[in-house]
Number of protein chains: 2
Amino acid sequence: MVTIYDIAKQANVSAMTVSKVINNTGKISEKTRSRIKKIMEEMNYVPNSMARSLVLQETKMLSLLIPDITNPFFTTLARGAEDAAMRLGYKLLFGNSDESLTKEKEYVDMILSTRVDGVLFSAASDLSGPHLQTLRLHRIPFVLLDRAVPGHECDTVTGDSREGARKLVEHLISLGHRRIALVNGSLAVSTARDRLAGYNDALKLNDIAVDDTLLLESNYKHFEDGPLLRSMLELPDPPTAVFAGNNFLAVGLIRKLLELGVRVPEQMSVVCFDDLGASVIDPFFTVASQPAYQFGAMGIQLLVDRIKGATTPEWKKIVLPSELVVRSSSAPPPAE
Amino acid sequence: MVTIYDIAKQANVSAMTVSKVINNTGKISEKTRSRIKKIMEEMNYVPNSMARSLVLQETKMLSLLIPDITNPFFTTLARGAEDAAMRLGYKLLFGNSDESLTKEKEYVDMILSTRVDGVLFSAASDLSGPHLQTLRLHRIPFVLLDRAVPGHECDTVTGDSREGARKLVEHLISLGHRRIALVNGSLAVSTARDRLAGYNDALKLNDIAVDDTLLLESNYKHFEDGPLLRSMLELPDPPTAVFAGNNFLAVGLIRKLLELGVRVPEQMSVVCFDDLGASVIDPFFTVASQPAYQFGAMGIQLLVDRIKGATTPEWKKIVLPSELVVRSSSAPPPAE
DNA sequence: TTGTACGCGTTATCAC
DNA sequence: GTGATAACGCGTACAA
């Protein structure tokens with residue numbers, strides 16, 4: 001491996017002069033500068049970023065922890081973070097916790113030993129609290145993305161889940177639905193709680209009683225509660241519409257409905273949070289679409305501001321609006 | 001930041017003793033070992049992996065470069081790579097080249113300066129050759145994933161694109177199609193060339209003449225050639241089926257067809273390479289499905305073998321089979 | 001404008 | 001069993 005010393009020897013200068021050329025620091029005559037640059041080219045020299053980090057006490061690396069790398073919401077968010085990071089001169093270390101606390105912990109350990117300058121953290125659930133404590137203990141700045149963690153004040157970029165959920169459900173109500181089910185993610189995740197709250201808001205605003213038998217708590221990765229759905233459909237007064245907590249739940253739900261011979265939207269309307277990304281043929285779902293790319297981009301911006309101390313001490317809370325997009329998965333309830 | 005010396009001082013031993021405890025190396029009395037461990041806990045000590053890498057001359061990090069982080073094929077591949085890497089004690093540094101040579105180069109530079117132990121490389125195109133040269137020049141082991149680069153012999157994990165394409169097209173032929181269009185990715189990408197070859201194989205085997213007017217070279221990210229498609233449909237003898245080079249092309253194509261009022265599969269059959277992942281509602285496409293997760297997992301295995309010198313000198317070429325999955329996007333051609 | 005001495009946090013070697 | 005020393009590749013402070 002060619003080092004700064006090899007270059008120095010070749011150029012008949014000290015290592016320091018080479019270092020100064022690399023970093024454009026100090027005064028160097030144009031002549032030696034270009035001579036050294038040429039030699040670096042010829043010898044294929046690449047600075048060792050670890051050695052540099054060791055002395056500089058910064059890595060110029062940020063870490064992005066997401067809970068599901070297969071979900072288009074998070075991959076789009078990742079693209080936003082990646083672009084912003086690169087633009088600001090940082091590298092991004094991706095981590096995929098797979099909604100698992102164990103994996104998340106492994107990534108936190110790696111983050112600590114790698115000494116990244118900051119973390120963009122989309123928590124697996126409320127139980128991620130200790131992981132945030134660990135980061136704080138080690139003075140690693142972080143920004144929470146998409147999901148808040150109760151009891152942890154910090155910079156955050158979240159969506160307006162409550163608002164968005166209310167709009168979706170009111171859309172259903174305006175179509176004439178009054179029996180509206182909610183198939184949600186785990187209530188240990190803040191967005192799921194907010195979406196439930198928005199759902200409740202909408203019902204209350206329209207004088208519809210909340211019926212617990214219409215509430216299903218599943219998880220954001222897969223819809224696995226076919227039997228519960230079936231018994232919900234067999235209720236004396238079954239739902240005519242379902243609000244799914246995220247895109248994957250909506251997909252799983254629809255698959256199950258198709259299997260059960262329930263047509264959407266003729267017999268059952270389905271709406272959901274988050275869009276489905278590029279791989280969908282016929283935009284079909286009525287959704288509350290979130291600006292995923294912006295989540296990542298703004299998160300990085302916030303994080304870098306915090307690292308550079310360019311922010312006021314109080315925590316910044318950015319809330320990104322979701323947009324109600326009405327498509328063909330929602331329609332008036334079937335006539336009695 | 002607490003260092004090995006802080007621990008040593010607290011424990012009244014030398015830094016060396018602490019190091020030995022950390023790495024379970026050398027002889028240490030059980031008593032001091034547990035005492036030191038306890039102190040490390042209390043002081044929240046985390047080894048600095050950069051300092052360690054500097055002296056050890058290895059980082060235990062691998063890099064994965066993929067061309068499209070929004071494509072389910074590559075995210076699934078990434079999951080496979082991630083799991084395998086973690087299992088073998090390596091961290092994974094993701095890079096998303098976005099099918100862009102410029103971004104790819106930036107990632108290669110970062111790879112060099114980070115001194116990763118090896119690279120899993122899914123090349124943007126044949127033009128990535130120089131990037132591979134760079135890696136080789138710096139003696140960084142790499143494994144090519146999914147896409148070969150002509151003129152670069154190395155370990156590879158690829159799919160049987162030619163075979164799979166032939167099977168897909170023969171499936172169409174067996175349904176009665178004889179005018180079969182190909183909407184392909186850039187021919188600067190090896191898989192696109194292989195799929196074209198498989199397409200040609202199938203036609204030749206069945207005595208169907210290749211008609212250049214039925215060939216469209218687009219790109220794997222988006223289908224953007226609506227006008228060309230339209231003129232193809234206005235041909236005196238238009239195609240009755242299309243073979244799309246990958247999943248995103250198929251989706252873009254279908255969207256365009258819907259727009260033009262062409263029904264699939266009644267008026268036009270569509271088949272494609274790669275499946276669409278978890279976010280698809282009603283598995284619809286007839287596809288050649290590739291074991292994406294395996295691509296990543298086996299790639300890591302190969303790479304680590306190579307790093308450890310556990311492999312024979314000759315290059316390993318793993319070819320993963322694709323599976324023809326017949327669904328509802330393909331049907332006999334419309335009766336004349 | 002250029003060079004010297006030192007330190008960043010860790011481990012290998014070898015002596016005690 | 002334990003410890004002193006040097007080395008990994010680089011940048012800062014200070015001299016020259």
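- Contact annotation: Y5(B) side-chain N/O to dT11(C) OP1/OP2 distance is not under 4.0 Å.
- Comparing K20(B) and L56(B), the nucleotide of DNA chain D nearest to each residue sits closer to the 5' end for K20(B).
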N/O donor to acceptor pairs below 3.5 angstrom from side-chain atoms of residues 84-95 of chain B, sequence neighbours left out:
none

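- Separating the OH atom of Y45(A) from the P atom of dG9(D) is a distance of 10 Å, rounded to the nearest angstrom.
- A close approach under 4.0 Å does not occur between any side-chain nitrogen or oxygen of S19(B) and OP1 or OP2 of dT10(C).
- Comment: R147(A) does not engage D126(A) in a salt bridge, judged by the lack of any side-chain N to carboxylate O separation of less than 4.0 angstrom.
- With rounding to whole Å, M50(A) atom CE is found 18 Å from dC8(C) atom P.
- Between T17(A) and dG3(C) there is a side-chain N or O to OP1 or OP2 distance below 4.0 Å.
- Near DNA chain D, meaning a heavy atom under 4.0 Å from it, residues 21-44 of chain A has N23(A) in order of number.
- Taking atom CD1 of residue I7(B) and atom P of nucleotide dT11(C), one finds them 12 Å apart after rounding to whole Å.
- Side chains of S29(A) and T32(A): a donor on one and an acceptor on the other come within 3.5 Å.
- Salt bridge K308(B)/D117(B): absent, no basic N to carboxylate O contact under 4.0 Å.
- Using a 4.5 Å cut-off on side-chain heavy atoms (C-beta onward), V13(A) and R35(A) make contact.
- The shortest distance between the side-chain N/O atoms of S14(A) and the OP1/OP2 oxygens of dT2(C) is not below 4.0 Å.
- Using a cutoff of 4.0 Å between basic side-chain nitrogens and carboxylate oxygens, E153(B) and K317(B) are scored as salt-bridged.
- The phosphate of dA7(D) (OP1 or OP2) has no side-chain N or O of Q57(B) nearer than 4.0 angstrom.
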